[in-house]
Every structure is written in structure tokens, then in C-alpha cells.
Amino acid sequence: MGNEIFVKPASTTSAAAGASIRISRLEKRFGPVFAVDGVNLDIAAGEFIALLGPSGSGKTTILMSVAGFEFPTSGTIQVDSEDLTYVPSNRRNLGMVFQNYTLFPHMTILDNVAFPLKMRGLPKAERHARAEAALATVRLGGYGSRRPNELSGGQQQRVALARAIVYQPRVLLMDEPLSALDKNLREDMQLEIKRLHAELGITVIFVTHDQSEALTMADRIAVLKDGKIQQIGPARELYERPANLFTAGFVGEMNFVDVTVESVGDLVSVRLPWGETWQLPPTAAVDAATVGEAAVMAVRPERLRLGTGAAGQVVKVTLSDIVYAGAAMLLIGRLPDGTELRARIPGASQLDALAPGDVATFTVPGEAILLYRGTRR
Ligand SMILES: Nc1ncnc2c1ncn2[C@@H]1O[C@H](COP(=O)(O)OP(=O)(O)O)[C@@H](O)[C@H]1O
Ligand SMILES: [Mg+2]
């Protein structure tokens, strides 16, 4: 391949501009399976995007298509306005980190990191200087002479990261890079990758099935199901106003109650399974509530208020579990029809009197309620 990618200065710590990426009408079929089914995604230069979805939703296939390890059935992939859809992966100059960060066990850490530069024909002195700089960027300066088996899992993953950025790619693609690490290490690495992103100004596509990881790390999140994007937006938007029932259930913790829509006007009137009718503000109806049809009412556990002090709808819940959960108490119980309800209530003292079997009264503020078409049954 050409040498044009090496004209930039060797420092890996200077802010290198990331590339913009445009994925248009991307489709990938494996026999009868639509792994990716009409995905459109515009990623700004320097943006950190997470692809979030359950196993089999098409995340890896999208990433592999951007990387050039898979060619789509149809659609296009542009990087900085250049159509790369059918350009081989080794001509794309994109960095990649996978879940299984396979380092070469017989090579030193420095040679592992320098390997992509060797493949590109750089002289040894420059390779080593760049590899040292990349190791310093992931805070592993001084580890170059060790072998992979002398490093912890987290350190090995940082080496894989250094190897992916050593040739200053415009884009860093990561496929569940932290899922093999334990929780504390994973959280440290999440911050480390965010720091690296800010420092390098590189565009990142980060694949994960872990919604909290996506919420923590990404500027924007694309939620995927069955090869289709369900919603794209910043964490807060996804969390506060999920666009459909799938996203509402996949991102964060949510209570659901099946209801029937009775009327739609200045207020939306819904009948609950235990026969009561509630009047909801029209903002509650997220995706079309049609009169006479089944709908699902959703509310976050932390939006419920204990007692009847606040404005909103009142429900009686028979408690089954009262769990001390640090910053808040988790109360689990059943609504009059048996539907489970979870509430997270800050401040433990007011809950001291409650015990399993008690009936507790909660207030559900109208603005906390979201209404979706469909059913959970
Ligand atoms: N090489 C392949 N051959 C056949 N089916 C595949 C292949 N790769 C992926 N699939 C199928 O495509 C769908 C999406 O897979 P994938 O992109 O790996 O999802 P994810 O990364 O979200 O778990 C799945 O149904 C998977 O079984
Ligand atoms: Mg995958």
C-alpha cells in the first residue's frame, strides 16, 4: 500500500482529525437471514458512536462492513466522502480492536504494537519510536520489553488498543472490546478509551450489548434489533424518551403495564388491567395510541414517589421485596392485577416501617409516563 498515510508527524498524542462516516441503505444477507436490514447512519468526524443491541442484532456485521472484512449485499459506506464499500480492508487505514485481543505471544509488547508498521514497511527505528509513543498513550510506557503473558488482561487490552492506534487511523472500530474483563477493570477501561478518544480526536464506532456501557461512553447511541436501527440519539434522549417499546425495554430499567386506549383528546385516557381509568397528558403517547387498541404504559422505577404527596396517579402495590441498594432502596411489589412493579426510592429512613406483605401507596407523576403501541403479554 502507499506511503501517503505516513506524512503526518509521528506523535500519537497530537490531535489527529477523525474521519466522517456515512452508512447508506446498508444491507447484508446470509442466505435467508437479513443480518443488516437497511441501515442509515451518519457519523460526524471525531464522534463517538455506540452500536447497541442484543446478540444477533447485526452489530458485528455493520462493523465488519465498515472495516472491509465483509462486503454488503447492497448499500454504501463512505469515509470522508470517499466510497469504500468494496475497497479491501488493508487499504482503509482503520484501527480495530476485538473482544479477543490476540497478541502474538512470542513477541515483546513493543514488537506487538509495532507490527502494523512493520507490515507497512516502516524502518525499524521509526517503528519503535511510534510504538513507544502509542504505549505511552495507553499508559504502558516502560512495558515494551515484556511479553504478553507478563501482563494482566486489562493491560493486554491496552496493548491491543495501542496497536490499533499506532498507525494513526482516522477511525477506531471496537467490537465488544471490554466484555472479557471483570467489572472494575471494564469501568476503568471505559474511562481510558474515552480519554483516548478526547486526546486523539479520532472517530470511534464502539459495539456493545451492554446498555450501561453505551450510555456511559458514547456521544450518540444507535439501538439495533434484527438488523434495523430502532433509535439514534444521545444517551439522555434514549433514556428519557425511548422511541419504541423495544428501546424502552432494552435501555435502562423500566416498569410496563398493559393498558387499553379509551380516548385520545386533550388527555389520553387509558384503562388499566384492574379496571381503573387514568387520564394521561398527551406527551405520554410516544408512538401512536389508537382508540380501542392495546398499548403499554411505561415508567422508570426512579420516577415513582412513595406516598400521595406529589401530583399524579396513585397506585397501591403489595410489596414482596425491600432491597437495600446503596444510594436508593429498591421496592418490588405487585399491582392489583399482579403485574410486577419496581420502585427506586432514595433515602432509606422513611422506608424503615415497610415490610414484605405491606401495601404501599405510590404516586406516578403524569410526565413520567410513556405510552407505546403493542403489548407485553
Ligand atoms: N458469516 C455468517 N454466516 C451466516 N450468518 C451470519 C454470519 N455472520 C452473522 N450471521 C448472522 O447475522 C445475524 C447478525 O449477526 P451479527 O452481526 O454477528 O450480530 P451481533 O454482532 O449483533 O451479535 C445473526 O443472525 C447471525 O447469526
Ligand atoms: Mg457481535
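First listed ligand is number 1; within each ligand, the first listed atom is number 1. What you see is a predicted model; the values in this text were computed from it and never measured. Side-chain atoms are counted along with the backbone in the values below, which use heavy atoms only and exclude waters and symmetry mates.
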- [ ] Decide, counting backbone as well as side-chain atoms, whether Thr60 has an N, O or S atom less than 2.8 Å from the Mg ion (ligand 2).
- [x] yes
- [ ] Could you check whether the rings of Trp274 and Trp278 sit parallel, tilted or perpendicular, using 30° and 60° as the cut-offs?
- [x] perpendicular
Task: Side-chain donor/acceptor of Lys316 to backbone N/O of Thr361, under 3.5 Å - done: no
TODO: Please confirm whether the backbone N or O of Phe104 pairs with a side-chain atom of Asn112, one donor and one acceptor, at under 3.5 Å?
DONE: yes
- [ ] Determine yes or no for a side-chain-to-main-chain donor-acceptor pair under 3.5 angstrom, with Asp358 supplying the side chain and Ala355 the backbone.
- [x] yes
TODO: State, to 0.1 Å, how close Ile232 and Arg220 come at their nearest heavy-atom pair, and which atoms those are.
DONE: CG2-NH1, 3.6 Å
Which N or O atoms of ligand 1 sit under 3.5 Å from a protein N or O, and how far apart is each pair?
unit_1, atom_1, unit_2, atom_2, d
ligand 1, 17 (O), Thr61, N, 2.9
ligand 1, 17 (O), Thr61, OG1, 2.5
ligand 1, 19 (O), Gly58, N, 3.2
ligand 1, 21 (O), Thr60, N, 2.9
ligand 1, 21 (O), Thr60, OG1, 2.8
ligand 1, 22 (O), Ser57, N, 3.1
ligand 1, 22 (O), Ser57, OG, 3.3
ligand 1, 22 (O), Gly58, N, 3.0
ligand 1, 22 (O), Lys59, N, 3.0
ligand 1, 22 (O), Lys59, NZ, 2.8
ligand 1, 23 (O), Gly56, N, 2.7

- [ ] Report the relative orientation of the aromatic rings in Phe98 and Phe69; use parallel for angles under 30°, tilted for 30 to 60°, perpendicular for over 60°.
- [x] tilted
